[in-house]
Number of protein chains: 2
Amino acid sequence: MTQAPPDSETRARLIAAGLRLFGQTGYDGTSTRALAAEAGTNVASISYHFGSKAGLRQACARDVAARVTGAIVADLPAPPSTPEAAQALLEQVGRSFVAFIVTSPDARDIVAFLVREIMTPGEVADLVYSEFLEPRHRMVCALWSIATGQPAESERVKLSVFAMIGQALYFRIGQPIISRRMGWQDIGPSEAAQIADTVAAQIRATIESQRR
Amino acid sequence: MTQAPPDSETRARLIAAGLRLFGQTGYDGTSTRALAAEAGTNVASISYHFGSKAGLRQACARDVAARVTGAIVADLPAPPSTPEAAQALLEQVGRSFVAFIVTSPDARDIVAFLVREIMTPGEVADLVYSEFLEPRHRMVCALWSIATGQPAESERVKLSVFAMIGQALYFRIGQPIISRRMGWQDIGPSEAAQIADTVAAQIRATIESQRR
DNA sequence: TACATTCAATCAAACGTTTGATTGAATGAC
DNA sequence: GTCATTCAATCAAACGTTTGATTGAATGTA
């Protein structure tokens with residue numbers, strides 16, 4: 001990263017700017033001039049590197065998929081063999097997911113970008129789905145299956161996992177509301193831990209109620 | 001300022017158009033011409049009735065707050081006195097919330113509009129929060145408190161309720177993804193019932209785990 | 001007539017994109 | 001080693017289009 005050629009550096013800065021601004025103000029709400037200014041370059045660089053503003057949007061999607069997948073896959077051990085181990089792993093996955101989502105400054109932009117793309121399906125959403133969301137969901141379903149004994153691809157398991165993702169995600173989407181209602185100035189380690197506890201407790205309770 | 005009477009038909013059609021288009025393509029992604037066409041009127045009507053495009057946005061927020069509050073308050077009985085009754089009521093609230101959110105065509109626009117406003121805090125989000133979200137959250141917390149015995153304004157209860165809202169909401173936000181993963185063509189009564197079961201089961205499991 | 005409402009036409013500003021010129025580091029012939 | 005040439009990368013400026021807003025005339029109603 002220290003010796004990156006000047007061309008790819010501008011490219012990288014544009015993707016970072018796209019992630020931040022698209023996430024903050026939306027695709028339509030972000031002008032090419034604002035993108036160029038945020039990246040410290042000229043508007044023409046967008047056309048040059050990505051063909052168009054839409055091309056930059058797609059490049060951002062690819063970057064998100066690659067980055068988040070890498071982060072999640074990195075710290076996942078071999079699949080557990082006992083329900084107890086699977087449950088413990090699920091709780092841990094939930095905790096680190098929440099920790100990443102509510103504390104990382106990058107996560108704010110990434111999640112906001114993803115949610116916006118998901119709400120308005122298009123080819124960018126398709127890319128994110130097949131490249132990132134579907135495989136991850138499938139993986140967590142497999143864990144859930146080991147923990148509960150339910151079939152991994154059953155509707156019950158798939159929906160339970162979506163519910164788990166949904167509650168975690170909401171702590172980022174609704175963060176302005178949550179902070180306000182909780183009386184929190186901002187979300188530090190202590191607040192993040194409380195959220196992680198809440199999510200982990202729900203995972204535990206739901207798994208145990210399904211295990212029979 | 002708006003000097004038009006609040007019961008104008010064009011006014012109502014513009015608000016409906018705003019809810020639909022702002023929700024679908026976002027505030028910035030919606031042009032005044034598209035709004036006028038959707039409402040079957042002229043662009044100048046927006047200025048005339050709401051002062052500006054931003055004025056229409058705010059009118060939409062007020063409409064959402066009034067409409068959803070009315071719908072929820074309408075079918076809520078007196079506060080229950082036993083934990084069991086409170087839990088049953090919470091499950092029922094969760095079920096009807098999910099039913100409304102995933103099946104009603106109006107709900108799609110309303111939820112999409114709300115989520116977009118919440119993600120980018122502004123004066124519209126402030127209005128929605130104090131006028132609608134905060135009172136509703138407080139109400140559900142009171143129910144949760146009766147069901148579990150936990151203090152209504154404790155952080156644990158408040159966060160649990162947010163998690164419950166989050167998972168329900170996600171079934172609308174992520175609906176394109178969920179339908180795809182589940183192999184559903186669209187979400188009819190049968191699919192809505194499965195989602196409602198999932199949410200209700202999580203509510204039940206979480207409440208029971210907290211009741212001790 | 002007087003008033004409220006909607007209309008087509010128009011405006012300046014901002015938009016995404018394209019252009020032609022410029023830069024500095026490689027490349028190769030001599 | 002020197003000089004001419006090439007190339008990716010960036011820039012300011014301008015392109016035509018679309019944006020939100022405004023205008024004055026037209027329409028309907030009482």
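Quick note on labels: first sequence line is chain A, next is B, and so on, each numbered from 1.
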Walk me through whether B:Leu114 and B:Phe132 qualify under side chain to side chain contact (heavy atoms under 4.5 Å, CB included). CA-CA 11 Å; B:Leu114 277 181; B:Phe132 163 59; 4.1 Å; yes
Is the phosphate of D:dT10 approached by A:His49 (side-chain N or O, under 4.0 Å from OP1 or OP2)?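 Checking D:dT10 against A:His49, a side-chain N or O does come within under 4.0 Å of OP1 or OP2.
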Tell me whether the OP1 or OP2 atom of C:dA4 has a side-chain N or O from B:Ser8 closer than 4.0 Å.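 No.
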Taking pairing as Watson-Crick or G-U wobble with both contacts under 3.5 Å, can you name the mate of D:dT22, or confirm there isn't one?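 Pair assignment: D:dT22 / C:dA9.
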Which one is paired to C:dG16, where only Watson-Crick or G-U wobble pairs with both distances under 3.5 angstrom count?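 Partner of C:dG16: D:dC15.
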N/O-N/O pairs, protein side and nucleotides 21-25 of chain D side, under 3.5 Å:
unit_1	atom_1	unit_2	atom_2	d
D:dA21	OP2	B:Lys53	N	2.9

I need the [atom1]-[atom2] distance between [X] and [N], as an integer number of Å.
X: A:Leu35; N: D:dC11; atom1: CG; atom2: C1'; value: 17 Å
X: B:Asp28; N: C:dC15; atom1: CG; atom2: C1'; value: 12 Å
X: B:Tyr48; N: D:dT27; atom1: OH; atom2: P; value: 18 Å
X: A:Phe50; N: D:dT10; atom1: CZ; atom2: C1'; value: 14 Å
X: A:Glu9; N: D:dA9; atom1: CD; atom2: P; value: 12 Å

If you count the non-hydrogen atoms of other residues, nucleotides and ligands that lie under 6.0 Å from [atom1] in [X], is the total more than 12?
X: B:Arg180; atom1: CZ; result: yes
X: B:Arg108; atom1: CZ; result: no
X: B:Glu153; atom1: CD; result: yes

Look at the aromatic rings of B:Tyr170 and A:Phe162 and report parallel, tilted or perpendicular, splitting at 30° and 60°.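 Geometry flag for A:Phe162 against B:Tyr170: tilted rings.
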Could you walk me through whether B:Leu169 and B:Phe97 satisfy the side chain to side chain contact (heavy atoms under 4.5 Å, CB included) test, starting with their C-alpha distance in whole Å, then the side-chain angles of each, then the deciding distance to 0.1 Å, before giving a yes or no? CA-CA 9 Å; B:Leu169 219 50; B:Phe97 184 54; 4.2 Å; yes
